[in-house]
Participant: 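Structure incoming, see below.
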Amino acid sequence: MRIAGSPAEPSISGDPDFPVNRGSLCIKGWSSGATLAHPERLTTPLVRNLRGFLDPASWDEALDRTVAGFRAAQARGGCDAVGLFGSGALTNEKAYLLGKFARIALGTRMIDYNGRFCMSSAAAASNRAFGVDRGLPFPLSDIAHADVVLLVGSNVAETMPPIVQYFEAQRARGGKLIVVDPRRSVTALAADLHLRLAPGTDAALAHGLLHLLVRDGAIDTKYIRERTEGFDHVRAAVARYWPERTESLCGVPEAELVLAARLLGHADTVMVLTGRGPEQQSHGVDHATAYIHLALALGMVGKPHAGYGCLTGQGNGQGGREHGQKADQLPGYRRIDDPAAREHVARVWGVDPGSIPGAGESAYEMLDSIGEADGIRALWVVGSNPAVSAPNARRIEARLRELDFLAVSDFFRSETAEMADVVFPAAQWAEESGTTTNLEGRVILRRRAFSPPPEVRTDLTILCDLAARLGKGELFASSDPEHVFDELCRASAGGVADYSAMSYGAIEAQGGLFWPSPRLFAERFPTPTGRARFHPVRDVHPAEEPNESYPLYLTTGRVLAQYQSGTQTRRVPALTKLAHEPLAELHPAVARRHGIADGDVITLTTRRGRAQFAAKVTASIREDTVFVPFHWGGERSANRLTNDALDPTSRMPEFKVCAVRIERTVARDANAANPAKGPGV
Ligand SMILES: Nc1nc2c(c(=O)[nH]1)N[C@H]1C(S)=C(S)[C@@H](COP(=O)(O)OP(=O)(O)OC[C@H]3O[C@@H](n4cnc5c(=O)[nH]c(N)nc54)[C@H](O)[C@@H]3O)O[C@H]1N2
Ligand SMILES: Nc1nc2c(c(=O)[nH]1)N[C@H]1C(S)=C(S)[C@@H](COP(=O)(O)OP(=O)(O)OC[C@H]3O[C@@H](n4cnc5c(=O)[nH]c(N)nc54)[C@H](O)[C@@H]3O)O[C@H]1N2
Ligand SMILES: [Mo]
């Protein structure tokens, strides 16, 4: 993507030479310049005054207040009383410096980030199976060459439009696309086969498909013998998943299961891709693992134009999980409990290895510890809006209110910033240089195009300013992204994600660099034995299932024209014109039962809360399921409904399944006549 013009009138264009999207942008890309000179943009720091309002303040005042807030919390509760909440939206440099800041400027183990809500289940499954966590171990363009793509719980047509071209090219070559989703999403509409499973039943479906592949002799026994271990347990586990039983478990008709297995079993190249659908569950790691088993059993992982991949979400979803903003991690995807890693990183940082704290708590658990005796008392959120995006959001809002001190860095007054004691106005992507690592493991350099507004600072500068006030200035000497990147490269040397051979110059000269290479696993896997690992997984029920009081499944996700917690996209007219309010998708039979017409305002209630949506009556969703997007807060917040059950390994919340009740609140006509009663704009 290219940006020119001025912040007030930026002109954005696709870059046809950029290999990832070949010039294709989605509507959020085209309109992304609209946030630069937006009238609601934060242009000075804000500090909460004695009357409880956020007032414009000087940088000195905001920074001093923050340091005082951190110090007071640590005086009462020890070093770990301050928490940091980072983001996959941050550049590698920021993610790195935030992790360093937590460990050696504050000495706290409490740092985690929103990737815990996004990538963590597939990451854990990939680590377990392949010994490394890389979104795609092949370039995106490989998708175009796979004979069969099994796309699971991912609505790329709305969430990743620039890569749809590869799926189109795949089908144009005669390839087949199988989509697994409880909704006939825009993506599923283009599929040759759509398996409309019940939410939360991915393990049963994947087991059922593997059962058929084993039964029909379609598995690659040579590959399994030579390149993997542990298959026998998995084969035994799927023996009970005959098609009839699988149909009763996941709701996909037997004939469709057989057809899917036939397509998978007869193809030379099969690519299995997962999105958030199967992953954002209290057994998300097992779900991703069950799909990895299909790719391994078919002998596809490491084969050209085939394999398993996870469609990483955020701009820096991959790099953001490599350089130490995760609770258990040091730069280079190193474990924080590994003595050699601590030694190496401590040397780069110029500190004693013993001074680096141990592993902290996961994102949701850290937020949920607020108010507990050993919980955090002060929090700094950089690049996230958990008041809208965390599960069981009412509980999290209440927790955030119990903090002694909250600081937020953002471009706008997000719902979380509204609750803060100090808000730092941060520079936006076009106003600072930095690297991101995309889902292919391609490290990309983005150069600053404009200067930020005069009273706006970059996140790196804010980190260095705070470190100086905490007496650690000499350890945070430069906020220049290139210097920080060079240090990151040294800190990552020898780690799993080793960037030590990289530099801004080299990235720019080559138009992006891969760690370690575009295609992985051709010869061996980075596991101790060099083999991929099957790991038997159980197919267990979601934490909450429909019953008489809450008779339907609720699942949540995204729409094309809004992004995440909506802080940016709800402020862009070109986008709100397309999606100005959340629509709850429900089946015509459900609508009939409740006397609901399209456009009526409905109230959804779960064990955790209520929220209002306009009804979108559509036969594209299962009769037992309601879908809502999560891009809005307050009365229209999907996350006031969602369940905070966590996966035992990845600590990923179960955003994709809970039990819900539905009521009509206001008829569409009344809603139109009196918008104040409806969910409003
Ligand atoms: N427009 C837009 N694009 C985005 C984003 C955005 O907010 N807006 N966010 C970005 C980010 S951070 C991410 S992580 C990606 C996410 O990208 P996706 O994974 O494509 O997004 P979702 O809409 O969360 O979920 C995908 C699908 O999972 C289905 N699903 C629900 N429950 C289940 C289930 O139990 N099993 C299965 N198999 N499927 C299920 C939903 O119906 C939905 O169609 O998108 C990125 N792109
Ligand atoms: N119900 C439900 N909830 C979900 C999901 C779901 O599917 N269903 N998906 C989950 C997923 S996959 C994700 S990734 C999360 C995302 O949810 P969040 O973590 O809330 O992510 P964003 O909405 O992108 O929030 C980023 C905030 O930081 C600001 N920001 C962006 N870039 C920067 C930067 O460089 N510096 C600073 N200082 N600020 C910045 C933005 O303005 C915005 O306010 O939501 C999760 N929540
Ligand atoms: Mo995400």
Side-chain angles (χ1 to χ4, degrees), residues 26-28 35 85-91 94 113-119 151-161 179-188 195 197-202 205 250 274-281 287 291 310-317 363 381-391 393 408-417 424-429 432 434 458-459 462 542 553-569 571 575 579 585 621 625 627-631 637-639 641-642 652-653 655-657:
C26 93
I27 181 156
K28 297 186 297 308
T35 54
F85 199 100
S87 169
L90 304 180
T91 59
K94 297 180 193 187
Y113 80 122
N114 68 4
R116 210 49 101 152
F117 297 164
C118 179
M119 296 309 315
L151 181 64
V152 186
S154 166
N155 183 14
V156 288
E158 295 200 66
T159 57
M160 303 177 190
V179 167
V180 182
D181 197 305
R183 303 185 299 145
R184 198 181 317 114
S185 61
V186 188
T187 308
L195 308 178
L197 84 177
T201 63
D202 284 281
L205 173 64
C250 71
T274 60
R276 301 305 79 77
E279 297 166 13
Q280 289 176 324
Q281 311 228 359
H287 292 175
Y291 285 111
C310 147
L311 293 167
T312 300
Q314 300 178 84
N316 197 23
V381 179
V382 187
S384 181
N385 184 11
V388 174
S389 56
V408 171
S409 299
D410 208 303
F411 325 133
F412 291 107
R413 284 173 77 145
S414 69
E415 286 76 359
T416 309
F424 294 118
Q428 293 189 33
W429 59 275
E432 55 185 343
T458 68
D459 291 310
I462 303 169
Y553 288 108
L554 174 71
T555 191
T556 65
R558 298 160 163 80
V559 295
L560 173 70
Q562 294 291 340
Y563 188 68
Q564 316 276 59
S565 70
T567 314
Q568 299 170 75
T569 48
R571 290 183 162 87
L575 301 175
E585 293 177 19
I621 190 155
T625 305
F627 171 89
V628 291
F630 80 101
H631 312 293
S637 156
N639 276 325
L641 306 170
T642 50
M652 165 75 89
F655 290 118
K656 288 292 189 268
V657 204

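Keep in mind that the numbers below use all heavy atoms, side chains included, and drop hydrogens, waters and symmetry copies. Note that ligands are numbered from 1 as they come in the structure, with each ligand's atoms numbered from 1 the same way. Keep in mind the model is a prediction, meaning the values are calculated, not measured.
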Participant: Under the rule for ring pair (Phe, Tyr, Trp, His ring centres under 6.0 Å), what residues qualify as partners of Phe655, not counting sequence neighbours?
Facilitator: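 Expected list: Phe117.
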
Participant: Contact between His287 and ligand 1, counting heavy atoms under 4.0 Å?
Facilitator: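 Contact check His287 vs ligand 1: negative.
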
Participant: At less than 4.0 angstrom from any non-hydrogen atom of Val152, what atoms of ligand 1 do you find?
Facilitator: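 Those of ligand 1 that fall under 4.0 Å from Val152 are 38 (N).
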
Participant: Let me see the working for Asn114 and Gln314 under side chain to side chain donor-acceptor pair (under 3.5 Å), right down to the final yes or no.
Facilitator: CA-CA 10 Å; Asn114 68 4; Gln314 300 178 84; 3.0 Å; yes

Participant: Quick check on contacts: which atoms of ligand 1 are under 4.0 angstrom from a heavy atom of Leu560?
Facilitator: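 Here the atoms of ligand 1 in question are 1 (N).
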
Participant: Say whether Thr274 and Glu279, considering side chains only, have a donor N or O and an acceptor N or O under 3.5 Å apart.
Facilitator: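 Yes, a side-chain donor-acceptor pair sits under 3.5 Å.
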
Participant: Between Ser565 and Glu415, do the side chains contain a donor N or O and an acceptor N or O under 3.5 Å apart?
Facilitator: no

Participant: Could you list the residues that satisfy side chain to side chain donor-acceptor pair (under 3.5 Å) with Asn155, not counting sequence neighbours?
Facilitator: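 Counting only residues at least two positions away or on another chain, Asn155 forms a side chain to side chain donor-acceptor pair (under 3.5 Å) with Glu158, Thr187.
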
Participant: Could you list which atoms of ligand 1 come closer than 4.0 Å to a heavy atom of Pro199?
Facilitator: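 Contacts of ligand 1 toward Pro199, numbered from 1: 35 (O).
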
Participant: Taking atom OH of Tyr113 and atom CG of Asn316, what is their separation to the nearest 0.5 Å?
Facilitator: 9.5 Å

Participant: What atoms of ligand 1 come closer than 4.0 angstrom to any heavy atom of Glu158?
Facilitator: 1 (N), 2 (C), 3 (N)

Participant: Determine whether the side chain, the backbone, both or neither of Val559 has a heavy atom under 4.0 Å from any heavy atom of ligand 1.
Facilitator: backbone

Participant: One line per pair, note the atom names and distance for all nitrogen or oxygen contacts under 3.5 Å between ligand 2 and the protein.
Facilitator:
residue  : atom   : partner : partner atom : Å
ligand 2 : 1 (N)  : Thr556  : OG1          : 3.1
ligand 2 : 1 (N)  : Asn639  : OD1          : 2.7
ligand 2 : 3 (N)  : Asn639  : OD1          : 3.4
ligand 2 : 3 (N)  : Asn639  : ND2          : 3.0
ligand 2 : 7 (O)  : Gln280  : OE1          : 3.1
ligand 2 : 7 (O)  : Arg558  : NH1          : 3.1
ligand 2 : 7 (O)  : Lys656  : NZ           : 3.0
ligand 2 : 8 (N)  : Thr556  : OG1          : 2.9
ligand 2 : 9 (N)  : Gln280  : NE2          : 3.1
ligand 2 : 9 (N)  : Arg558  : NH2          : 3.1
ligand 2 : 17 (O) : Ser389  : OG           : 3.3
ligand 2 : 19 (O) : Asn114  : ND2          : 2.7
ligand 2 : 19 (O) : Ser384  : OG           : 2.6
ligand 2 : 20 (O) : Asn385  : N            : 2.8
ligand 2 : 20 (O) : Ser389  : OG           : 2.7
ligand 2 : 23 (O) : Ser565  : N            : 2.8
ligand 2 : 23 (O) : Ser565  : OG           : 2.5
ligand 2 : 28 (O) : Ser384  : N            : 3.3
ligand 2 : 28 (O) : Asp410  : OD2          : 3.4
ligand 2 : 35 (O) : Lys94   : NZ           : 3.0
ligand 2 : 36 (N) : Asp459  : OD2          : 2.7
ligand 2 : 38 (N) : Ser409  : O            : 3.1
ligand 2 : 38 (N) : Asp459  : OD1          : 3.0
ligand 2 : 38 (N) : Asp459  : OD2          : 3.4
ligand 2 : 42 (O) : Asp410  : OD1          : 2.6
ligand 2 : 44 (O) : Asp410  : OD1          : 3.4
ligand 2 : 44 (O) : Asp410  : OD2          : 2.5
ligand 2 : 44 (O) : Thr567  : OG1          : 2.8
ligand 2 : 47 (N) : Ser389  : O            : 2.8

Participant: Within ligand 1, which atoms have a heavy atom of Asp202 less than 4.0 Å away?
Facilitator: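 So the answer, numbered in order with elements, is 34 (C), 35 (O), 36 (N), 37 (C), 38 (N).
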
Participant: I'd like to know if Lys94 and Glu432 make a salt bridge, using a cut-off of under 4.0 Å between side-chain N and carboxylate O.
Facilitator: yes

Participant: What pairs with Tyr563 under ring pair (Phe, Tyr, Trp, His ring centres under 6.0 Å), at least two apart in sequence or on another chain?
Facilitator: none

Participant: Between Lys28 and ligand 1, does any nitrogen or oxygen pair lie at a separation below 3.5 Å?
Facilitator: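 Yes; at least one N/O pair falls below 3.5 Å.
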
Participant: Going by distance alone, is a donor N or O of one side chain under 3.5 Å from an acceptor N or O of the other, for Lys656 and Gln281?
Facilitator: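 Looking only at side-chain atoms, Gln281 and Lys656 do not form any donor-acceptor pair under 3.5 Å.
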
Participant: Using a 4.0 Å cut-off to any heavy atom of Asp181, which atoms of ligand 1 qualify?
Facilitator: 27 (C), 28 (O), 29 (C), 41 (C), 42 (O), 43 (C), 44 (O)

Participant: For ligand 1, is Thr625 a contact, meaning one of its heavy atoms is under 4.0 Å away?
Facilitator: no

Participant: Assess Val657 for proximity to ligand 1: is some non-hydrogen atom of it under 4.0 Å away?
Facilitator: no

Participant: Could you measure the distance from the CZ atom of Phe424 to the CZ atom of Phe411? Nearest 0.5 Å is fine.
Facilitator: 15.0 Å

Participant: Is it the case that Thr569 and Gln562 place a side-chain donor and acceptor less than 3.5 Å from each other?
Facilitator: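 Yes.
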
